[in-house]
Number of protein chains: 2
Amino acid sequence: MVTNATEGYTFDVFKRHCASHMVLDLLSGKWTYLTVTALRQGRMRNAELARKIEGISPKMLSQTLRGLEHDGLVSRTVHAEVPPRVDYELTALGEELAGLMDQICIWAQNHVPEILTHRAANGDPEAQERLAAAGAR
Amino acid sequence: MVTNATEGYTFDVFKRHCASHMVLDLLSGKWTYLTVTALRQGRMRNAELARKIEGISPKMLSQTLRGLEHDGLVSRTVHAEVPPRVDYELTALGEELAGLMDQICIWAQNHVPEILTHRAANGDPEAQERLAAAGAR
DNA sequence: CGCATTAGTAACCATTGGGTAACTACTTTC
DNA sequence: GAAAGTAGTTACCCAATGGTTACTAATGCG
């Protein structure tokens, strides 16, 4: 159980119906992580994001950005120009979260070999292939 | 693009088919986060975890633990006793990740009010209710 | 014998998340 | 007048995720 520093809230992440289950919403979703991380590099347009995040469909990019905007992590600015220009930027709140997410990203990148080794040892064929490919290089 | 410190790997999280997409696998999944965080408090048995993580079904607990074990983040020890006793513990690798996840968890807890305010402003009825309930306290 | 306890797994179903493709709206340029 | 470029949305479909329920195995205890 944790007591919130600023307000008087008392809650426990492990309980259902607890507001901090929003954590899960923030982290889940296949594209949230990549989108937030991409925006760390600064303000970007829809098409730029689509190009950067390989494999994201227009629908999911839009949906993910809408979600982040909803939570106040990303701001969306429409410029009155032709052709239209819309850009997205992390808010201060978003920046904070992005920093933490980036830590995990860096950690993961540095431990890819270890995790692959574990997976391969447990019989994961994809991990075995990847390891073999990396070893051959 | 990031170059791995220990090996010679070069990869980019934003590319598909990149090994660091494992990040996503680690973070996604409704229960991974809670399970890892729960295990930060030390070695635990199946039933203890089930009690702690409110709402998790036996199936999902088992599946989540199996996944974490697969990746080498959690170790599973079976004791030759009757009734059977099995306990789970974070490995060194798991501990590291758990620490980072906890940062995000703490951040989220501290910013619940802000995020709820944003959501409420964007017309989210659940957020409006929660805010009203918190205000009344 | 039969029940209780622990730690599951298996089968089945409902929900949701995500992908694909097609379509809109607006204006400048050819 | 038609095409191109920008930023989307909508409809439709499939696959993955997760929930529910029922079942197993092993053994000590009354």
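For the pair Lys52(A)/Met44(A), a side-chain contact is recorded, criterion being any heavy-atom separation below 4.5 Å from C-beta on. Contact annotation: the side chain of Leu65(B) approaches that of Leu49(B) to within less than 4.5 Å [non-hydrogen atoms, C-beta and beyond]. Within the 4.5 Å cutoff, no side-chain heavy atoms of Gln63(B) are placed close to those of Leu61(B). Proximity of Leu27(B) to Thr32(B): side-chain heavy atoms (C-beta onward) are nowhere separated by under 4.5 Å.
Atom-to-atom, CD of Glu81(B) to P of dG28(D) comes out at 12 Å; the value is rounded to the nearest Å. A straight line from CD of Glu54(A) to C1' of dG19(C) spans 16 Å, rounded to a whole angstrom. As rounded to whole Å, 9 Å separates atom P of dA7(D) from atom CG of Asp87(A).
The side-chain contact (heavy atoms from CB on, under 4.5 Å) test applied to Ala127(A) returns Leu116(A), Arg119(A), Ala120(A), Asp124(A), not counting sequence neighbours. In this structure, the salt bridge (Lys or Arg N to Asp or Glu O under 4.0 Å) partners of Glu126(A), at least two apart in sequence or on a different chain, are Arg130(A). Qualifying salt bridge (Lys or Arg N to Asp or Glu O under 4.0 Å) partners for Lys30(B), counting only residues two or more places apart in sequence or in other chains: none. Looking at residues two or more places apart in sequence or on another chain, you find no salt bridge (Lys or Arg N to Asp or Glu O under 4.0 Å) involving Lys59(B). In terms of the salt bridge (Lys or Arg N to Asp or Glu O under 4.0 Å) criterion, Arg51(A) has no residue partners (sequence neighbours excluded). Taking the side-chain hydrogen bond (donor to acceptor under 3.5 Å, both in side chains) definition, one finds that Glu89(A) meets it with Arg43(A), sequence neighbours left out. Shown here are the side-chain contact (heavy atoms from CB on, under 4.5 Å) partners of Arg76(A), two or more places apart in sequence or in another chain: Arg66(A), Glu69(A), Val78(A), Val86(A), Tyr88(A).
Using a 4.0 Å cut-off on heavy atoms, the residues of residues 63-78 of chain B that approach DNA chain C are Arg66(B), Arg76(B), listed by number. Of all the residues in residues 38-51 of chain B, Arg45(B), Asn46(B), Ala47(B) reach under 4.0 Å from DNA chain C with at least one non-hydrogen atom.
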Are any protein N/O atoms closer than 3.5 Å to N/O atoms in nucleotides 19-25 of chain D? If there are, list each pair with its distance.
| from | atom 1 | to | atom 2 | distance (Å) |
| --- | --- | --- | --- | --- |
| dG19(D) | OP1 | Lys30(B) | NZ | 3.3 |
| dG19(D) | OP2 | Trp31(B) | NE1 | 3.4 |
| dG19(D) | N7 | Lys59(B) | NZ | 3.1 |
| dG19(D) | O6 | Lys59(B) | NZ | 2.2 |

Check: residues 94-106 of chain B side-chain donor-acceptor pairs under 3.5 Å, at least two apart:
| from | atom 1 | to | atom 2 | distance (Å) |
| --- | --- | --- | --- | --- |
| Glu96(B) | OE1 | Trp107(A) | NE1 | 2.9 |
| Glu96(B) | OE1 | His111(A) | NE2 | 3.4 |
| Asp102(B) | OD2 | Arg40(B) | NH1 | 2.7 |

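The rotation axes computed at either terminus of the helix from dC1(C)-dG30(D) to dC30(C)-dG1(D) lie 30° apart, taking five pairs at each end and rounding to 10 degrees.
Tested against Thr35(B) for a side-chain contact (heavy atoms from CB on, under 4.5 Å), the candidates Leu73(B), Ile53(B), Val74(B) yield a single pass: Ile53(B).
The phosphate of dA7(C) has neither OP1 nor OP2 within less than 4.0 Å of any side-chain N or O from Ser62(B). Contact annotation: Tyr88(B) reaches the phosphate of dG8(C) (side-chain N/O to OP1 or OP2, under 4.0 Å).
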